[in-house]
Amino acid sequence: MTGVKVLPQAGPPGAESRPMVHAEQVHKSFGSIEVLKGIDLQVRAGEVCCLLGPSGSGKSTFLRCINHLEKINAGWIRVDGELIGYRERGGKLHEMREKEVAAQRRSIGMVFQRFNLFPHMTALDNVAEAPTLVRREKKSAARERAAALLERVGLGDKLGNYPGQLSGGQQQRVAIARALAMKPKLMLFDEPTSALDPELVGEVLDVMKDLARDGMTMIVVTHEIGFAREVGDSLVFMDGGVVVEQGNPREVIADPKHDRTKAFLAKVL
């Protein structure tokens with residue numbers, strides 16, 4: 001939907017208690033196909049929320065709605081209290097210009113299934129590029145921070161390597177460092193290990209675990225049940241565009257209440 005839509009009467013909580021991510025009755029359709037059918041979700045600052053569910057359940061679409069890569073048809077999403085993609089005037093929501101949305105996205109890091117690195121740039125340049133161009137940081141400062149971030153993700157010896165010289169797991173770690181270079185308050189991960197060979201999955205999950213220990217707010221679409229159980233603070237199981245079940249990951253995985261959740265976990269555990 002573009003233009004104006006009505007803002008629900010019940011506003012978000014105050015700043016002292018508001019969640020980092022607050023989605024209410026989010027709907028999204030592609031033509032006649034309704035992919036999201038009223039998603040409600042709250043994620044607190046410093047929390048790791050894992051989204052599980054079968055392919056086609058709407059997980060990745062919802063993730064893309066959080067930073068307005070997909071425009072929602074109804075409902076609203078706030079990140080740190082700020083409406084995403086819309087401005088409120090007179091109790092109604094008016095869609096922002098693309099330039100304004102791009103400014104909002106600067107504080108929301110996203111890591112995709114595919115790494116999307118610039119093949120003609122070194123690892124260091126891939127990480128330093130956005131802070132230099134978008135945040136207008138001095139090139140020397142951006143490159144210094146990029147080197148520190150690559151060191152953090154275990155690639156301090158690969159600064160001068162091009163993507164084609166790196167393994168899939170290494171490329172994904174560069175992609176994580178690149179997202180962190182924008183100093184995000186929220187990180188979104190869309191199945192970050194699904195394109196990797198099994199032996200490379202662990203090195204990416206280790207970086208994500210380190211981020212969780214440091215208190216980064218994360219929403220992770222994943223099929224890595226072990227990661228969800230070990231690192232997640234909350235687990236949301238989606239199917240058919242709705243939230244079927246949610247709760248503490250260890251409790252949901254060990255004792256799911258809904259038959260659809262039980263059937264899904266029986267196949268993946």
Side-chain angles (χ1 to χ4, degrees), residues 19-21 23 26 28 34-44 46-66 109-115 153-154 167-173 175-176 186-269:
M20 176 61 73
V21 178
V26 172
K28 172 63 182 177
E34 191 175 20
V35 178
L36 301 178
K37 303 175 183 178
I39 302 296
D40 294 326
L41 182 71
Q42 294 190 33
V43 180
R44 300 186 305 273
E47 181 176 296
V48 178
C49 174
C50 295
L51 302 184
L52 297 183
S55 297
S57 60
K59 308 181 305 296
S60 294
T61 297
F62 177 63
L63 206 68
R64 292 170 64 85
C65 288
I66 293 175
M110 188 159 185
V111 178
F112 300 89
Q113 297 178 36
R114 297 292 175 178
F115 325 120
V153 299
S167 70
Q170 290 170 334
Q171 290 184 60
Q172 192 63 295
R173 284 186 279 157
I176 294 173
L186 168 68
M187 285 285 286
L188 308 175
F189 292 88
D190 187 7
E191 299 193 40
T193 61
S194 65
L196 301 179
D197 292 334
E199 65 268 22
L200 302 178
V201 169
E203 62 190 50
V204 174
L205 294 181
D206 285 343
V207 171
M208 295 170 65
K209 291 174 185 177
D210 182 60
L211 291 177
R213 283 191 291 268
D214 284 352
M216 174 63 73
T217 309
M218 300 159 59
I219 302 180
V220 185
V221 173
T222 183
H223 290 296
E224 300 292 338
I225 303 298
F227 175 85
R229 183 193 292 116
E230 178 185 349
V231 182
D233 297 296
S234 63
L235 184 149
V236 175
F237 177 71
M238 291 178 60
D239 189 31
V242 300
V243 173
V244 175
E245 187 167 349
Q246 59 184 311
N248 178 283
R250 287 152 291 285
E251 295 175 1
V252 173
I253 293 169
D255 186 24
K257 305 304 181 187
H258 197 282
D259 287 343
R260 184 65 188 93
T261 315
K262 294 177 182 178
F264 175 80
L265 290 174
K267 292 181 179 179
V268 300
L269 286 176

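Bear in mind the structure is a predicted one, so any value in this text is a computation, not a measurement.
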Inset, instruction - Look only at the side chain of Q172 and the backbone of P192, and say whether a donor-acceptor pair between them is shorter than 3.5 Å. - result: yes
Search all heavy atoms of [X] against all heavy atoms of [Y] and return the closest pair with its distance.
X	Y	result
G169	L200	N-CD1, 3.7 Å
P256	T261	CB-CG2, 3.8 Å
A228	P249	O-CB, 3.2 Å
I253	R229	CG2-NH2, 3.6 Å
D190	S60	OD1-OG, 2.6 Å
I39	G241	CD1-O, 3.3 Å

Taking atom [atom1] of [X] and atom [atom2] of [Y], what is their separation to the nearest 0.5 Å?
X	Y	atom1	atom2	answer
M110	L63	CE	CG	4.0 Å
Q113	L196	CD	CG	10.5 Å
S57	F62	OG	CZ	12.0 Å
D233	C50	CG	SG	8.5 Å

Inset, instruction - Give every residue pair that meets the salt bridge (Lys or Arg N to Asp or Glu O under 4.0 Å) criterion with at least one member in residues 46-65, sequence neighbours excluded. - result: R44-E47, R64-E70
Legend entry - Pairs flagged by salt bridge (Lys or Arg N to Asp or Glu O under 4.0 Å) wherever residues 238-256 is involved - sequence neighbours left out: D239-R260, D255-K257
Legend entry - salt bridge (charged side-chain N to carboxylate O under 4.0 Å, His left out) partners of E203, counting only residues at least two apart: R173
State, yes or no, whether a side-chain contact exists between [X] and [Y] at a heavy-atom distance under 4.5 Å.
X	Y	value
I225	L265	yes
L186	I66	yes
M208	V48	no
V268	L52	no
L36	M238	yes

Result block: side-chain N/O donor-acceptor pairs under 3.5 angstrom for residues 212-219, not counting sequence neighbours:
from, atom 1, to, atom 2, distance (Å)
D214, OD2, R152, NH2, 2.5
T217, OG1, G46, N, 2.7

Legend entry - Step-by-step side-chain contact (heavy atoms from CB on, under 4.5 Å) determination, K37 to V242: CA-CA 6 Å; K37 303 175 183 178; V242 300; 3.8 Å; yes
Legend entry - ring-ring contact (aromatic ring centres under 6.0 Å, His included): pairs with one or both residues in residues 223-269, sequence neighbours excluded: F237-F264
Inset, instruction - Applying side-chain contact (heavy atoms from CB on, under 4.5 Å), run through V243 and D40 and close with a yes or a no. - result: CA-CA 8 Å; V243 173; D40 294 326; over 6 Å; no
Inset, instruction - Apply the test side-chain contact (heavy atoms from CB on, under 4.5 Å) to residues V231 and V220: give CA-CA distance (whole Å), side-chain angles for both, the deciding distance (0.1 Å), then the verdict. - result: CA-CA 11 Å; V231 182; V220 185; over 6 Å; no
Legend entry - side chain to side chain donor-acceptor pair (under 3.5 Å) partners of E224, counting only residues at least two apart: T193
